[in-house]
Amino acid sequence: MTKTNWTKRTLAAQAMGKIDAGTMGIVPPIHVTTTFIRDDDNQYRTGNIYGRPDNATIREAESIIAMLESAPEALVFGSGMASAVACFLALAPGDHVIAPNVMYWALRNWLMTEGRHWGLSIDFVDMSDAKAVQAAVTAKTKLIWAETPANPLWSITDIAAVAAIARKAGARLAVDSTCATPILSQPLALGADIVMHAATKYLNGHSDVLAGALACRTPDAYWERIRMVRKNVGAILGPFEAFLLIRGMRTLDLRVRAASANAMQLAEAFARHPQVTEVLYPGLPDSPGHAVAARQMNGGFGGMLSIRVQGGEAGAIRTAKEVQLWKRATSLGGVESLIEHRASIEGAGSPCPPDLLRLSAGIESAEDLFDDLDQALKRAHN
Ligand SMILES: *Cc1c(COP(=O)(O)O)cnc(C)c1O
């Protein structure tokens, strides 16, 4: 591919135009080797030494993610958690971190337990309130972590505003952009230093790969420490999973736009539904994060929404029991729609309301999705 201004959608559809030079196959092979032959003068001229850091299929996946984020470099990991945790392990004990009080639950748990055990001091704040973020900054603040839209209430962080706070404090901003995807949001262009994806979700998109990814604005010393953490911990993705991830990303643009349009249609329909007390979705004009989301997201507000239903926790669990088309499961970002009683999986101390159902809109027909959940709501409240 010689033209330099192909769109991201085009480049991703063709996996950057890579072919197999040996056979001229339009799909490159999966590189499974764990080791590489030394040159006869004892050098390693290809740069490949050993599979824990070095794998060509992994690098192909990384080049697509870097392209999608307009980043100089990306790194893929064995899971979203592995990629997020690498950002914290690359800090030093004693460093101060500011994180959101509403965020992906497993990572919040990690920060409160292992993160503190590792010696980080961590303050959890309302990340949708820039003043609260500013007030939490100390002389030791090294990293601000944001997630937008954030699980499971889909609150919005003003990335540019928090990036300015981080820059002034001499700290970095990392954004978990899993639910926004590179199609709808470009955190690095808004001033973030690191963007993180649970590639398990939209990037792969078919609920059959666990993977994580980071992309950086500048490949600086912090980025090199992250790379070292991945290498030394062995948190790299397997080559077969990297191949599936590459295949998934070929259709990322289409899938994200379809899921996002479905979510918008469902949010509007359920906002008028008699058994639904509240719809949480940044695409709705009366949602608290709407203005910021409209400014920093492009082409949609994502495929994730939550509904709060009549009858409290029991009403929500009964509704999830009655669905036939929606799959009753955790996770998100796949082609199939998922419904989850979120408080059940987050457990004690969760900020998630007990009457909340988290919905991951897939790419099925929006009418089918509405009809199924509508009949479930009616049966559950009969
Ligand atoms: C799923 C998820 C993660 C963690 O990813 P895994 O691949 O499950 O480790 C992190 N952040 C968000 C927003 C997620 O949805």
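Source: prediction; values computed, not measured.
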The test is side-chain contact (heavy atoms from CB on, under 4.5 Å); show your working for Leu91 and Arg225 and say whether it passes.
CA-CA 8 Å; Leu91 299 173; Arg225 282 201 300 281; 5.5 Å; no
With rounding to the nearest 0.5 Å, note down the distance linking CZ in Arg328 to CD1 in Ile317.
11.0 Å
What is the minimum heavy-atom distance between Pro282 and Ser287, and which atoms define it?
CA-OG, 3.5 Å
Does Cys87 offer a backbone N or O that forms a donor-acceptor pair with the side chain of Tyr222 under 3.5 Å?
yes
Between Asp158 (side chain) and Ala130 (backbone), is there a donor-acceptor pair under 3.5 Å?
no
Is it true that Phe77 and Leu68 fall in one hydrophobic cluster, defined by side-chain heavy atoms closer than 4.5 Å?
no
Could you walk me through whether Arg172 and Asp220 pass salt bridge (Lys or Arg N to Asp or Glu O under 4.0 Å), step by step?
CA-CA 11 Å; Arg172 289 181 175 80; Asp220 56 8; 2.9 Å; yes
For the residue pair Ala71 and Leu188, what are the closest heavy atoms and their distance?
CB-CD1, 3.6 Å
4.5 Å side-chain heavy-atom contact, Leu373 and His273
no
Atom CZ of Arg247 with >12 non-hydrogen neighbours under 6.0 angstrom
no
Val309, Leu369: one ILVMFWY side-chain cluster at the under-4.5 Å cut-off?
yes
For the backbone of Tyr202 and the side chain of Arg255, can you confirm whether one donor and one acceptor N or O come within less than 3.5 Å of each other?
yes
Quick one: are Leu244 and Glu241 in side-chain contact, heavy atoms under 4.5 Å?
no
Any link between Trp326 and Val335 through a network of hydrophobic side chains (Ile, Leu, Val, Met, Phe, Trp, Tyr) touching at under 4.5 Å?
no
If you count the non-hydrogen atoms of other residues, nucleotides and ligands that lie under 6.0 Å from OH in Tyr50, is the total more than 12?
no
Answer yes or no: does atom CG of Asp20 have more than 12 heavy-atom neighbours from other residues, nucleotides or ligands under 6.0 Å?
yes
Just by modelled atom types, is the Val102 backbone N or O under 3.5 Å from a matching donor or acceptor in the Glu147 side chain?
no
What one should report as the nearest heavy-atom pair of Ala99 and Met127 is C-CE, 3.7 Å
Residues, nucleotides or ligands: over 12 heavy atoms within 6.0 Å of Phe240 CZ:
no
Donor-acceptor pair, His206 side chain versus Asn204 backbone, under 3.5 Å?
yes
Interatomic distance, Asn262 atom CG to Ser337 atom OG [nearest 0.5 angstrom]:
6.5 Å
Indicate the atoms forming the closest heavy-atom contact of Ile194 with Cys216, along with that distance.
CD1-CB, 4.1 Å
Please tell me if the side chains of Ile122 and Met112 come closer than 4.5 Å, counting only heavy atoms from C-beta onward.
no
Between Pro351 and Glu346, is any pair of side-chain heavy atoms under 4.5 Å apart?
yes
Expected output: side-chain Glu62 to main-chain Val76 donor-acceptor under 3.5 Å:
yes
I'd like to check Met196 versus Thr178 (side-chain heavy atoms, cut-off strictly below 4.5 Å). Are they in contact?
yes
Do Trp118 side-chain atoms and Pro93 backbone N/O form a donor-acceptor pair below 3.5 Å?
no
Would you say Pro182 and Leu252 make side-chain contact, with heavy atoms under 4.5 Å?
yes
NE2/His197 to CG/Asp176 distance, rounded to the nearest 0.5 angstrom?
8.5 Å
Taking Asp372 for its side chain and Leu325 for its backbone only, find out whether a donor-acceptor pair lies under 3.5 Å.
yes
Straight-line distance of Leu266 CG to Glu367 CD, nearest 0.5 Å:
9.0 Å
Side-chain donor or acceptor of Ser306 paired with backbone N/O of Leu356 under 3.5 Å
no
Walk me through it: do Arg358 and Asn151 pass the test side chain to side chain donor-acceptor pair (under 3.5 Å)?
CA-CA 9 Å; Arg358 190 180 82 167; Asn151 263 287; 2.5 Å; yes
Leu75, Val229: one ILVMFWY side-chain cluster at the under-4.5 Å cut-off?
yes
Report yes if some heavy atom in the side chain of Leu332 is under 4.5 Å from a heavy atom in the side chain of Glu340; otherwise report no.
no
Value rounded to 0.5 Å, distance of OG1 in Thr141 from CG in Asp123:
8.0 Å
Please report whether the ring centroid of Phe301 lies less than 6.0 Å from that of His290.
yes
Strictly distance-based, threshold 3.5 Å: is any side-chain N or O of Thr200 a donor or acceptor partner for the main-chain N or O of Ala211?
yes
Is there a path of hydrophobic side-chain contacts, each under 4.5 Å between heavy atoms of I, L, V, M, F, W or Y residues, that connects Val97 with Ile165?
no
More than 12 heavy atoms of other residues, nucleotides or ligands under 6.0 Å from NZ of Lys8: is that the case?
yes
Let me confirm one number: the NE2-CD distance from His381 to Gln275, rounded to the nearest 0.5 Å.
6.0 Å
Contact between His31 and Pro29 at the side-chain level, heavy atoms closer than 4.5 Å - yes or no?
yes
Aromatic ring proximity, centroids under 6.0 angstrom, Trp145 and Phe88:
yes
Nearest heavy-atom neighbours spanning Ile156 and Gly289
CG1-O, 3.7 Å
